[in-house]
Amino acid sequence: MTAFIRKRAANVKDDILSGITVALALVPEAVAFAFVAGVDPLVGLYAAFMIGLVTSIFGGRPGMISGATGALAVVMVSLVAEGNAMGMEGENLGLYYLFATVIIMGIIQMLAGILKLGKFVRLIPHPVMMGFVNGLAIVIFLSQLGMFKDAEGDWFEGTQLWVMFALVGLTMGIMYGLPRLTKKLPEALIGILVVSAIVIFGDMDVATVGSFIRDGGGEGLKGGLPQFQMDLFHKIPWNWQTLSFIGPYALILAAIGLIESLMTLNLIDELTETRGNANRECMAQGGANIITGFFGGMGGCAMIGQSLINIKSGGRTRLSGIVAAVLLLMFILFGASYIEQIPIAALVGVMFMVVIGTFAWSSFRILNKIPMSDVIVLVAVSALTVVFDLAIAVIAGVIISALVFSWENAKRIRARKRMKEDGTKVYEIWGPLFFGSIIAFNEKFDVKNDPDKVEVDFIESRVSDHSAIEAIFNLVHKYEAAGKKIKLTHLSEDCKVLLYKSSPKFREVIVEAVDDPRYYLAENPEAFTKGLAAYKFE
């Protein structure tokens with residue numbers, strides 16, 4: 001019992017310290033993404049607080065951090081701009097259209113959770129996952145390069161550039177070296193505190209969180225509690241025209257948010273060797289975005305960078321996310337003047353270490369060891385993540401993988417031919433029969449020269465889809481049109497049911513056998529047990 005209490009107490013300490021580190025790293029990220037979306041910094045900070053708090057309490061993955069993200073911000077910028085243009089002269093309604101879109105986005109995400117669509121993340125192949133991780137690491141790296149520019153967009157030069165390099169390097173050096181001395185201190189937090197102390201007490205003229213906000217047109221971090229947006233109900237018309245405008249944006253944002261959240265969940269699962277609940281995360285993300293939309297936030301999803309900072313700093317439970325969210329609100333209410341003094345270089349150093357830890361360096365070692373199709377998928381997803389966005393990259397990767405899988409399986413259809421003593425020609429079909437293999441399947445038969453009796457044996461084949469059933473139907477029709485008898489044997493139960501429904505003639509063609517194959521889905525435990533019991537192990 002004493003050991004258990006000590007372990008829990010140590011974990012609480014790690015969660016609290018990790019939460020502090022994440023909160024510090026969240027500030028410039030949320031502010032930067034708010035600028036990208038074209039809204040006030042507080043809109044991004046409120047989103048980080050509300051989404052982070054709700055998902056930490058109710059989400060399906062303890063230790064995962066959610067907030068305002070760049071993947072969503074790049075879509076929101078055009079929404080806000082179009083919304084502003086739809087207002088009357090001098091009236092910018094883009095922010096209110098954004099809030100309404102975030103609410104619809106949350107409803108879509110909750111529906112995904114209710115319909116249990118989170119399980120479909122399992123369909124994402126490993127090369128797509130590696131491409132997503134690499135692409136996102138590159139995106140995070142490129143986003144940090146903007147911190148090496150001044151307010152006019154020009155790159156730092158001379159002393160200013162070298163000081164920036166030195167502070168970033170010092171932060172990275174602390175994060176690299178400290179764990180080799182002791183693992184009791186969170187290296188990211190120590191790095192931020194040490195570099196901040198050097199800058200503050202050394203009276204160094206460098207970019208800070210406060211100057212970053214003011215250069216972007218903001219007034220500072222200081223704000224109050226999020227307010228319920230009553231204007232949302234009369235500023236914009238709630239009619240079909242509005243829904244047709246925000247609907248596509250909401251759908252895209254919901255898809256990007258869920259894909260990024262569920263893939264981050266899978267990544268954290270692998271790092272912690274535990275398992276999260278994808279459907280519960282969908283529900284939490286949706287509920288968080290609904291609340292955020294009503295209380296003036298820009299919406300968001302899981303953040304891979306902050307999640308990795310949390311995990312690598314020792315955060316494992318819901319407490320770390322809750323601490324990060326609550327502390328972020330405290331920064332807004334009471335600690336703005338202190339947080340604004342943190343040098344941007346320290347936070348850039350933390351994010352660079354996240355990039356190094358995120359990128360799947362092993363992908364370089366395996367490029368010549370995996371199939372070329374997987375290499376293409378990995379590189380394509382990485383590139384598309386950088387050029388477009390996460391949703392397009394992942395969907396494209398899954399489609400490419402599915403097409404490659406279909407093509408490879410289409411080549412595996414085989415037909416072994418033999419003759420029975422009574423003159424019946426038997427075609428023993430091997431391999432999956434589906435839309436991709438039906439052409440090769442049809443080429444196996446010689447209707448014109450075959451004898452009057454033909455039997456097609458499917459015991460080593462799986463009839464997979466409607467295209468396969470249609471191919472079988474056409475084959476039977478060809479033999480019957482040639483005046484020959486054809487029998488189908490060893491078809492699975494589900495295939496026979498579909499064929500019986502498609503045409504009564506199949507009741508005369510299909511031969512029922514005691515050893516017909518039976519397929520059971522593992523998702524149905526009773527059927528699986530029944531199927532397993534049907535086999536005799538010797």
Side-chain angles (χ1 to χ4, degrees), residues 29 32-33 36-37 66 68-79 105 108-109 112 117-118 120-146 248-268 270 278 285 299-308 351 354-368 370-408:
E29 291 287 298
F33 296 145
V36 169
S66 296
T69 63
L72 299 180
V74 294
V75 178
M76 293 173 179
V77 61
S78 57
L79 166 65
M105 164 192 172
I108 295 172
Q109 291 177 326
L117 300 182
F120 287 104
V121 74
R122 303 173 194 166
L123 298 177
I124 298 176
H126 188 66
V128 175
M129 188 68 182
M130 291 187 73
F132 151 74
V133 169
N134 290 349
L136 212 52
I138 296 171
V139 169
I140 294 172
F141 173 77
L142 294 177
S143 69
Q144 298 306 304
L145 294 182
Y249 281 108
L251 189 61
I252 293 171
L253 291 171
I256 294 174
L258 287 183
I259 289 173
E260 184 161 0
S261 297
L262 295 180
M263 293 189 73
T264 302
L265 182 146
N266 273 3
L267 180 61
I268 301 302
E270 292 180 9
Q285 291 286 340
C301 62
M303 308 178 75
I304 186 171
Q306 276 66 26
S307 297
L308 289 175
M351 295 309 295
V354 169
V355 168
I356 294 172
T358 301
F359 196 91
W361 301 100
S362 61
S363 57
F364 291 117
R365 296 197 307 271
I366 65 173
L367 284 179
N368 61 344
I370 60 177
M372 181 55 63
S373 58
D374 287 343
V375 173
I376 293 173
V377 170
L378 195 158
V379 174
V381 172
S382 300
L384 290 172
T385 301
V386 176
V387 177
F388 296 103
D389 59 55
L390 176 64
I392 292 176
V394 172
I395 292 172
V398 171
I399 290 174
I400 295 171
S401 298
L403 291 175
V404 170
F405 175 80
S406 298
W407 177 257
E408 291 298 323

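Here, residue 1 is the first one in the sequence, and each next residue gets the next number. The model shown is predicted, which means the values in this text are computed figures rather than measured ones. Worth knowing before you read on, the calculation uses all heavy atoms, side chains too, and leaves out hydrogens, waters and symmetry mates.
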Those residues that, when tested against Ser261, pass side-chain contact (heavy atoms from CB on, under 4.5 Å) (two or more places apart) | Gln285, Cys301, Ala302
Side chains of Ile256 and Ile252 in contact at under 4.5 Å (non-hydrogen atoms) = yes
Here the gap from Leu253 atom CG to Leu79 atom CG, rounded to the nearest 0.5 Å, amounts to 7.0 Å
Under the side chain to side chain donor-acceptor pair (under 3.5 Å) rule, what pairs show up with a residue in residues 394-405, not counting sequence neighbours?
-> none
Met105 versus Leu72: any side-chain heavy-atom pair under 4.5 Å?
-> yes
CE of Met372 to CG of Leu367: how many Å apart, nearest 0.5 Å?
-> 8.5 Å
Could you tell me the separation between the OG atom of Ser66 and the CD1 atom of Ile304, rounded to the nearest 0.5 Å?
-> 12.0 Å
Minimum heavy-atom separation for Val377 to Gly397, with atom names?
-> CG1-O, 4.1 Å
Using atom types as modelled, flag every donor-acceptor pair under 3.5 Å from a side chain in residues 123-139 to any protein atom, sequence neighbours excluded.
{"residue": "Asn134", "atom": "OD1", "partner": "Ala360", "partner atom": "N", "Å": "2.8"}
{"residue": "Asn134", "atom": "ND2", "partner": "Ser363", "partner atom": "OG", "Å": "3.3"}

Which residues share a side-chain contact (heavy atoms from CB on, under 4.5 Å) with Ala278, sequence neighbours left out = Leu262
For Gln109, all residues meeting side-chain hydrogen bond (donor to acceptor under 3.5 Å, both in side chains), sequence neighbours excluded | Asn289
CG on Leu265 to CD on Glu270, rounded to 0.5 Å = 10.5 Å
Rounded to the nearest 0.5 Å, how far apart are CD1 of Ile376 and CD1 of Ile400?
-> 8.0 Å
When you look at Trp407 and Ser373, which way does the side-chain contact (heavy atoms from CB on, under 4.5 Å) test go after all the steps?
-> CA-CA 11 Å; Trp407 177 257; Ser373 58; over 6 Å; no
For the residue pair Ala396 and Leu384, what are the closest heavy atoms and their distance?
-> CB-CD1, 3.6 Å
Which residues pass the side-chain contact (heavy atoms from CB on, under 4.5 Å) test with Ile268, sequence neighbours left out?
-> Arg61, Thr264, Leu271, Thr272, Ser307, Leu308, Ile311
Just by modelled atom types, is the Ile356 backbone N or O under 3.5 Å from a matching donor or acceptor in the Trp361 side chain?
-> yes
